[in-house]
Amino acid sequence: MSFLAGLNDAQTRAVDHHTGPLLVVAGAGSGKTKALTHRIAHLIGKYGTDPHQILAVTFTNKAAREMKDRLELLLVQLLAQKQLGQSWNTLNPSHQGQLRNRIYQEITKDLWIGTFHSLFARLLRYDIDKFKDEEGLKWTRQFSIYDETDSKNLVKEIVTQELQLDPKRFEPKKLRWAISNAKNQGLLPPDVEQASEGNQNKLLAEVYQRYRKALAANNALDFDDLLLLPVQLLKQNQDVRSYWHNRFKHLLVDEFQDTNRTQYELIKLLVTNGDEPRKYSNWEDRSVFVVGDADQSIYSFRAADFTILMGFQDDFGENLQKKASNTMVKLEENYRSTSTILEAANSLIENNTERIDKILRATRGSGELIKLTRCDDEIAEAEEIVHRIRILKSTSLEINWGDIAVLYRTNAQSRAIEESLVRWSIPYIVVGGLRFYDRREIKDILAYLRLLINPADSVSLLRVINVPKRGIGKTTIQRLTDAASQLAIPLWDVISDSDAVRSLGGRSAKGILQFYELIESLRNKVETSNPSELTQLVIEKSGYLSELITEGTDEADERRRNLQELINAALQYEEESEASDLESFLASAALASDADNKQTNSDKVTLMTFHSSKGLEFPVVFLAGMEQGLFPSYRSLSNPASLEEERRLCYVGLTRAKERLFLTHASERRMWGGIREPAIPSLFLSEIPTELLQGDIPHTGGISIRRNNNLERLTRIDREEQEELNNPTLRGASNAIRRRHNNRPGISKSWSVGDQVMHVNFGKGEITHTFGSGNKMTIAVKFNGMGPKILDPRLAPIKPIENENQ
DNA sequence: TATACGGGCATTTTT
DNA sequence: TGCCCGTATA
């Protein structure tokens with residue numbers, strides 16, 4: 001038995017690649033996970049690589065878990081064959097369990113498989129105390145990991161308290177985003193300041209600097225630091241760098257197209273020990289194996305950069321004796337989808353200019369046509385989807401609820417669909433949205449736990465000091481924090497000074513002393529108890545549980561159930577992982593995503609965003625909300641690069657489907673505040689060849705952003721009408737006739753980009769984009785003091801304002 | 001110190 | 001529309 005059996009030529013070349021760099025360009029559904037798992041098994045089984053020397057990076061925790069599972073299965077099959085001369089399936093279950101446990105103990109336990117964030121958090125737990133920032137900032141192994149909310153609050157505090165600025169003018173959220181962006185590109189505060197002369201950057205650098213200091217004071221890191229600090233550490237400390245370089249001989253990176261600069265820096269540091277990659281030549285016992293598909297790069301908003309993938313061969317190629325073609329393998333055979341679905345995806349993605357040429361070749365039959373439906377509004381759309389689901393379920397016995405996925409651009413779209421599913425009693429789960437670990441009660445308990453191991457963590461301390469209520473109010477807290485900042489010591493040190501606390505007097509002093517004793521007594525148990533026991537202790541001793549019991553409402557009961565679930569999560573963590581200390585459990589909680597919790601075997605319809613669907617596949621897929629301004633999103637319309645990213649996102653959506661694909665769009669959608677926005681079909685729909693579609697083919701033939709040119713518009717309409725008349729079965733000629741009437745000069749005014757308009761409610765505004773043409777035309781208008789609005793010029797209460805200059 | 005109320009604002013996408 | 005945050009009031 002060999003791990004190369006059952007692979008195609010390209011897959012074999014990838015898996016059998018031993019040392020040196022290799023880029024695997026792997027199209028959707030081309031078996032890249034197979035290539036990755038087989039490669040690891042092959043390295044261990046054939047080349048005798050020590051599992052301890054392998055580092056594999058996946059995009060989600062769930063993918064990591066699955067990879068480990070599949071790998072175990074492969075290895076256990078080999079073991080059964082070698083040792084017992086028997087195939088795995090024929091062994092009895094207890095025997096199977098035994099072998100599996102052996103594989104776990106001897107091999108998979110030692111593998112480092114995980115996301116960039118979890119792997120490098122792990123690395124930091126070993127070596128962070130060897131790091132000292134240029135500013136002298138330091139952290140310890142007990143560091144806390146702050147989530148997005150914690151980070152944002154910290155930035156807010158800096159803006160309002162330290163710098164005394166108006167948070168409306170200097171939005172913490174935007175500043176936090178800018179800092180994150182800088183970190184993901186490997187920039188430090190001085191780099192940001194130098195980036196340009198403007199005051200904007202000066203302020204950003206100032207906030208960034210203070211933020212970093214504040215994190216260090218709390219002995220805390222944000223998500224981005226989990227990547228940036230290791231880069232700094234590996235650059236700074238040669239011993240540390242050499243250690244990890246020698247330790248990890250074989251690196252594998254999945255979803256390489258969504259790697260950012262900082263992550264790439266980490267890979268390079270580990271692989272070449274700090275040498276220039278092009279000049280690096282000690283490849284005899286090591287490899288770097290990256291797998292990705294530039295067409296599926298969908299995370300540039302968090303600084304992912306697919307040009308890293310496109311430049312990989314160039315970066316690593318020069319000094320190799322082998323030809324550059326030996327540093328790339330393309331997997332283009334698709335085993336997932338019908339040829340109809342693939343053709344649609346291929347046609348769509350060809351509209352992008354920045355790509356590595358690659359086409360997915362079908363290995364399956366053509367299957368059914370893609371069904372396209374226009375609906376009146378988002379409620380009708382939801383009903384349509386659920387209606388289709390019910391028909392499918394009742395006519396095809398082989399389809400289970402779990403085979404069906406509904407994908408959409410924004411989380412908010414799930415609501416209407418959920419309501420319809422509930423109405424028809426169809427089981428479903430929503431992936432994404434509110435994470436389990438983001439629930440209030442969970443965050444509270446986790447904050448207690450963080451405080452136990454990291455006393456410097458004032459953010460966590462402040463979160464729980466009066467939860468449940470201990471009579472410690474705002475004024476008292478202000479006094480304590482003032483004292484801490486004046487003395488430049490952690491808040492905890494102020495609280496532990498009982499004399500100082502007593503001087504505060506009365507009620508609040510009592511509360512603080514009580515809190516102090518609670519934390520101290522729990523802290524004494526950290527060494528001797530495991531995470532689940534500690535979680536339970538915190539829930540009980542803090543008074544959190546009794547408060548919920550007293551409350552007795554449905555909501556309180558729900559919270560109690562969630563807390564129970566948290567204890568279960570800790571138990572599960574202890575079972576599954578090698579290191580079961582509290583620090584690691586908290587790290588895994590901080591880095592878990594909602595998608596990680598999704599159970600693959602539950603028989604429920606899955607609802608999620610296009611982004612969350614990456615890497616998954618379903619026999620039946622619905623893509624909802626295929627409308628201009630929603631998907632592609634409004635913000636991408638003015639920027640060609642973002643539009644291409646939206647198109648890639650659409651490509652990802654289409655290629656999730658194995659058998660059947662349904663696309664829906666609404667003619668009107670209630671966005672927020674109950675305002676109904678007219679909606680026109682997505683540009684992407686027009687990029688799918690009509691012969692692959694069935695149903696309400698859009699009239700617009702090709703909506704694109706352009707300056708509104710009358711001549712072009714007219715010729716366009718003529719062509720559309722012609723098509724329409726040639727194809728009466730699909731949508732009847734009456735539309736065309738009606739349109740001709742509506743399109744009389746005088747009724748349909750011409751609107752162009754740059755025109756000034758007056759709106760009854762919003763006031764004066766300027767047209768920034770026009771979409772579509774004729775009576776299907778929509779315009780985007782930017783009004784003073786508010787975001788852009790998409791309006792139907794025939795319905796909206798607007799008047800043109802004559803331009804004085806003309 | 002805790003709560004109730006109302007104004008203002010929000011929707012991309014996530015480790 | 002519903003959620004979050006700040007302010008008024010017991």
Side-chain angles (χ1 to χ4, degrees), chain A residues 57-64 114-121 145-149 151-153 156 160 167-168 171-173 177 180 183-184 221-227 255 258-260 262-263 297-304 378 407-416 431-435 437-438 440 466-478 506-508 511 587-596 608-614 625 629-637 642 645-646 648-650 652-653 669-677 785-788:
Chain A
V57 186
T58 58
F59 202 69
T60 61
N61 296 301
K62 188 172 162 231
T115 63
F116 271 109
H117 291 86
S118 64
L119 291 171
F120 286 92
I145 300 172
Y146 282 177
D147 67 19
E148 225 30 67
T149 322
S151 312
K152 213 177 64 201
N153 290 340
K156 190 176 169 190
T160 57
K168 287 202 175 100
E171 294 170 53
K173 206 171 131 189
W177 184 86
S180 177
K183 286 186 174 179
N184 283 320
L221 302 175
D222 65 20
F223 287 158
D224 311 313
D225 288 331
L226 298 177
L227 310 174
E255 306 285 5
D258 282 318
T259 300
N260 66 39
T262 305
Q263 291 165 336
S297 166
I298 55 176
Y299 279 98
S300 73
F301 68 90
R302 70 177 210 218
E378 77 282 359
L407 311 183
Y408 37 76
R409 181 65 178 81
T410 64
N411 282 307
Q413 285 170 259
S414 75
R415 217 173 88 181
V431 177
L434 187 65
R435 266 178 2 132
Y437 290 105
D438 283 338
R440 194 174 75 198
N466 200 31
V467 179
K469 305 219 159 30
R470 299 186 178 89
I472 306 168
K474 224 174 159 180
T475 341
T476 310
I477 288 170
Q478 190 62 51
R507 219 167 25 155
S508 44
S588 93
L591 298 172
S593 74
D594 188 54
D596 296 332
M608 64 186 150
T609 61
F610 286 93
H611 282 91
S612 308
S613 76
K614 185 159 103 160
L630 182 60
F631 190 37
S633 81
Y634 174 78
R635 303 161 109 92
S636 68
L637 293 175
S642 324
E645 174 140 323
E646 295 282 303
R648 291 192 292 270
L649 190 55
C650 185
V652 167
R669 186 172 292 270
R670 202 187 318 233
M671 298 305 270
W672 17 238
I675 300 172
R676 289 184 166 276
E677 305 267 11
M786 63 178 85

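In what follows, every chain begins at residue 1, and chains take the letters A, B, ... in the order their sequences are listed. Below, all heavy atoms of this structure are taken into account, side chains as well, without hydrogens, waters or symmetry copies.
If you take atom C1' in B/dT11 and the same atom in C/dG6, they sit 23 Å apart, rounded to whole Å. Of the C1' atoms belonging to C/dC4 and B/dT13, the separation is 22 Å, rounded to the nearest Å.
Using a 4.0 Å heavy-atom distance criterion, A/Tyr299 is classed as a sugar-phosphate-only contact.
Ring pair A/His117/A/Phe223 is perpendicular by interplanar angle, where above 60° counts as perpendicular and below 30° as parallel. In this pair, A/Tyr299 and A/Phe59 present their aromatic rings tilted. The plane angle is within the 30 to 60° band.
Scored by the side chain to side chain donor-acceptor pair (under 3.5 Å) test, A/Glu255 finds A/Lys32, A/Gln257 as partners (sequence neighbours excluded).
A residue-by-residue look at A/Gly432 and A/Thr475 shows that A/Thr475 has its nearest nucleotide of DNA chain B further toward the 5' end. Of the residues near DNA chain B, A/Lys173 and A/Phe116, the one whose nearest nucleotide (by heavy atom distance) lies more toward the 5' end is A/Lys173.
Once the 5.5 Å centre distance and the 30° plane angle are applied, the aromatic ring of A/Phe301 is found stacked with the base of B/dT13.
Nearest nucleotide to the A/Thr609 side chain, out of C/dG6, B/dT14, B/dT15: B/dT14. Candidate nucleotides B/dT15, B/dA2, B/dT14 were compared by shortest atom distance to the side chain of A/Asn411, and B/dT14 ranks first. Each of B/dT11, B/dT14, B/dA2 was ranked by its minimum atom distance to the side chain of A/Ser612; first place goes to B/dT14. Taking every side-chain heavy atom of A/Arg302 into account, B/dT14 is the closest of B/dT14, C/dG2, B/dA2. Between B/dT13, B/dT11, C/dG6, one nucleotide has an atom nearer to the side chain of A/Arg635 than all others, and that is B/dT11.
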